[in-house]
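Just so it is clear, the model here is predicted, and its values are computed rather than measured.
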Amino acid sequence: MSEPKKNALVLHLASGGEPLVYALSVAAAKDLAGRLQTLMTSGAVDTPELEDGARVTINFSHVATAHFDELPPLSRVYGSAAKGGRGFRG
């Protein structure tokens, strides 16, 4: 059985509200996993690559808690790659 892919970065902002969920690229998830604690304690800014190739700028001084999680199979979150070929394309 394979290890689940935990490439969803879940951010709970200090201001409250719903958490922000980003689909990270595999390389960005590996890179960020080793640095997440340091980013949180220093309040640094980082720009990880998302699954769709875009980048997001995160100011960790505004983040109360952060963790990695597994994305559900059919989920659509910030940065998730386009899946499927149904519907009209412009």
Cluster link L11 to L36, ILVMFWY, side chain under 4.5 Å: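 In one cluster: yes.
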Same apolar cluster: L24 and L13, side chain cutoff 4.5 Å: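 Yes: a chain of side-chain contacts under 4.5 Å links L24 to L13.
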Quick one: closest heavy-atom pair of [X] and [Y], and the distance?
X	Y	answer
A23	L71	CB-CD1, 3.6 Å
G79	L50	CA-CD1, 3.6 Å
A81	R76	O-NH1, 3.3 Å
V21	A8	CG1-CB, 4.2 Å
E51	S80	OE1-CA, 3.4 Å
H12	H67	NE2-CE1, 3.7 Å

Pairwise side-chain contact, I58 with L9, heavy-atom cut-off 4.5 Å (strictly under):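 They are in side-chain contact.
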Would you mind reporting whether L32 and L39 have side-chain heavy atoms less than 4.5 Å apart?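 Result yes, sub-4.5 Å side-chain heavy-atom pair found.
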Residues that R35 engages under salt bridge (charged side-chain N to carboxylate O under 4.0 Å, His left out), provided they are two or more places apart: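 For R35 the salt bridge (charged side-chain N to carboxylate O under 4.0 Å, His left out) partners, ignoring immediate neighbours, are D31, D46.
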Would one find more than 12 heavy atoms of other residues, nucleotides or ligands at under 6.0 Å from atom OH of Y78?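 Open: at most 12 neighbouring heavy atoms sit under 6.0 Å from OH of Y78.
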Quick one: ring-ring contact (aromatic ring centres under 6.0 Å, His included) partners of F68, sequence neighbours excluded?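 Residues passing ring-ring contact (aromatic ring centres under 6.0 Å, His included) with F68: none at all.
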Begin with the C-alpha distance, continue with both residues' side-chain angles, and end with the deciding distance and a verdict on side-chain contact (heavy atoms from CB on, under 4.5 Å) for V56 and T47. CA-CA 5 Å; V56 62; T47 55; over 6 Å; no
Tell me if a side-chain donor or acceptor on T41 pairs with a main-chain N or O of Q37 at a distance below 3.5 Å.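 Such a contact is found between T41 side chain and Q37 backbone.
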